[in-house]
Protein chains: 2
Amino acid sequence: MSISLRPSQALQLWQQVTLSEVRDDAPDLTMRQMAILLTIYLERPPHTVRGLAARLQVTKPVITRALDTMGRLKLVSRHRDERDRRNVLVKRTVEGALYVERFGDVIIAQALELPI
Amino acid sequence: MSISLRPSQALQLWQQVTLSEVRDDAPDLTMRQMAILLTIYLERPPHTVRGLAARLQVTKPVITRALDTMGRLKLVSRHRDERDRRNVLVKRTVEGALYVERFGDVIIAQALELPI
DNA sequence: CAAAATTGTTTCGCTTCCGTTTCATTTTTC
DNA sequence: GAAAAATGAAACGGAAGCGAAACAATTTTG
């Protein structure tokens, strides 16, 4: 399956997906939280606080707070790195994987409904 | 110009665009603010507080607060409806139009850089 | 024209996020 | 082994978001 995306449709796609998310009961993630979540689930581990902060070009407390919130939502988990106990390794969870998968489905569903 | 979007790429696109926005200096909009902004710029006027609240399925104060913030950023403006002075008409601004246009460009630019 | 309905804003108490600074723990360096 | 460096979290004061309820202004209803 493949859909074609033209420039005029990109914004419409974004609008429809954000509308879907806003209307959804689940709490909205902030842009930063979404960037962190997708980075964890789409890019190769390991993921550390420092590494994520560098990837997003934000400060470490931003990552710590976002992990606090998404940890509460069970979208990610934290574990001490036993090889270097200063590090915290951010791991994927079943709930998080389902969340990301569902989000991908929403994007595709909305893309398929775009006017030709 | 047209790009092809397959399901596995939808999430990557979303990640790259959110990364771009997070790294950008401009203040991040919340998911709700983004949904409101795109609705105002992509759908036919008139846009009222009540209408936007219904479209997003959120309460009116959510719209009022988002318009406060985006008004401060000059992305939208508010005007009393002279035909029914209970209504507030939300209008587009030059700055807002540029913001949305630039955002569309970011999406397309990131889409073009997706792995095949 | 008075009562009811409609619209948007404000207020309330609470939560979360922000950047900056400080702190505790662990590892590396000399 | 002591000092320096690195890592992540906590603390701080301030800003902004939240839902619910109350409010002022305007229009519609009867």
Side-chain angles (χ1 to χ4, degrees), chain A residues 18-19 21-40 45-91 99, chain B residues 18-19 21-40 45-91 99:
Chain A
T18 55
L19 275 179
E21 290 302 298
V22 168
R23 295 202 266 234
D24 196 78
D25 287 331
D28 294 344
L29 297 186
T30 65
M31 189 98 73
R32 288 170 172 201
Q33 289 166 354
M34 184 64 83
I36 293 168
L37 187 72
L38 291 177
T39 297
I40 292 167
H47 299 289
T48 63
V49 172
R50 174 172 177 67
L52 291 167
R55 186 92 176 95
L56 273 73
Q57 297 177 14
V58 297
T59 61
K60 289 189 292 179
V62 167
I63 305 297
T64 294
R65 280 188 293 254
L67 294 180
D68 288 344
T69 300
M70 293 194 290
R72 245 176 273 132
L73 296 173
K74 305 212 187 290
L75 298 178
V76 298
S77 66
R78 277 190 272 207
H79 308 271
R80 272 289 159 199
D81 181 355
E82 290 304 332
R83 297 151 51 106
D84 182 344
R85 296 184 47 76
R86 286 173 303 183
N87 288 330
V88 161
L89 300 177
V90 184
K91 299 277 183 67
Y99 181 98
Chain B
T18 55
L19 276 180
E21 290 302 297
V22 167
R23 295 201 267 234
D24 196 78
D25 287 332
D28 295 343
L29 297 185
T30 67
M31 189 99 70
R32 289 170 171 200
Q33 289 165 353
M34 184 63 83
I36 293 169
L37 188 72
L38 291 177
T39 297
I40 292 167
H47 300 289
T48 63
V49 172
R50 173 171 177 69
L52 291 167
R55 186 93 176 94
L56 272 72
Q57 296 176 15
V58 297
T59 61
K60 289 189 293 178
V62 167
I63 306 298
T64 295
R65 280 188 291 254
L67 295 180
D68 287 345
T69 299
M70 292 194 292
R72 244 175 274 132
L73 296 173
K74 304 211 188 291
L75 299 178
V76 299
S77 65
R78 277 190 272 208
H79 308 271
R80 272 289 159 201
D81 180 356
E82 290 304 333
R83 297 152 49 107
D84 182 344
R85 297 184 45 76
R86 289 173 301 183
N87 289 329
V88 161
L89 300 177
V90 184
K91 299 276 184 66
Y99 181 97

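Remember, it's a predicted structure, so these values are computed and weren't measured experimentally. Proteins come first, then strands; the chains are lettered A, B, ... in the order of their sequence lines, and each starts at number 1.
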So, is [X] near the phosphate of [N], with a side-chain N or O under 4.0 Å from OP1 or OP2?
X: A/Gln33; N: C/dT16; value: no
X: B/Thr30; N: D/dA16; value: no
X: B/Arg65; N: D/dA15; value: no
X: B/Arg85; N: C/dG8; value: no
X: B/Arg80; N: C/dG8; value: no
X: B/Thr64; N: C/dT9; value: yes
X: B/Asn87; N: C/dG8; value: yes

task: Starting from the 5' end of DNA chain D, give me the residue, B/Arg72 or A/Arg50, whose nearest nucleotide shows up first.
output: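 Between the two, 5'-proximity favours A/Arg50.
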task: Measure the shortest side-chain to side-chain distance between B/Leu56 and A/Leu19 over non-hydrogen atoms and say whether it is less than 4.5 angstrom.
output: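 Yes, their side chains come closer than 4.5 Å.
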task: Check whether any side-chain heavy atom of B/Thr64 lies under 4.5 Å from a side-chain heavy atom of B/Arg78, and answer yes or no.
output: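 With C-beta onward as the side chain, the pair touches.
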field: Donor-acceptor contact below 3.5 Å, side chain B/Arg32 vs main chain B/Ile63
entry: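 Checking the backbone N and O of B/Ile63 against the side chain of B/Arg32, no donor-acceptor pair under 3.5 Å is found.
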field: B/Arg86, nearest nucleotide to its side chain (from C/dC17, D/dG17, D/dT27)
entry: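 Comparing C/dC17, D/dG17, D/dT27 against the side chain of B/Arg86, the answer is D/dT27.
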field: Contact nearer the 5' end of DNA chain C, comparing A/Arg83 with A/Val58
entry: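 The 5'-side residue here is A/Val58.
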message: If I take atom CZ in residue A/Arg32 and atom P in nucleotide C/dT16, what distance separates them, rounded to the nearest angstrom?
response: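 Going from A/Arg32 (CZ) to C/dT16 (P), I get 17 Å.
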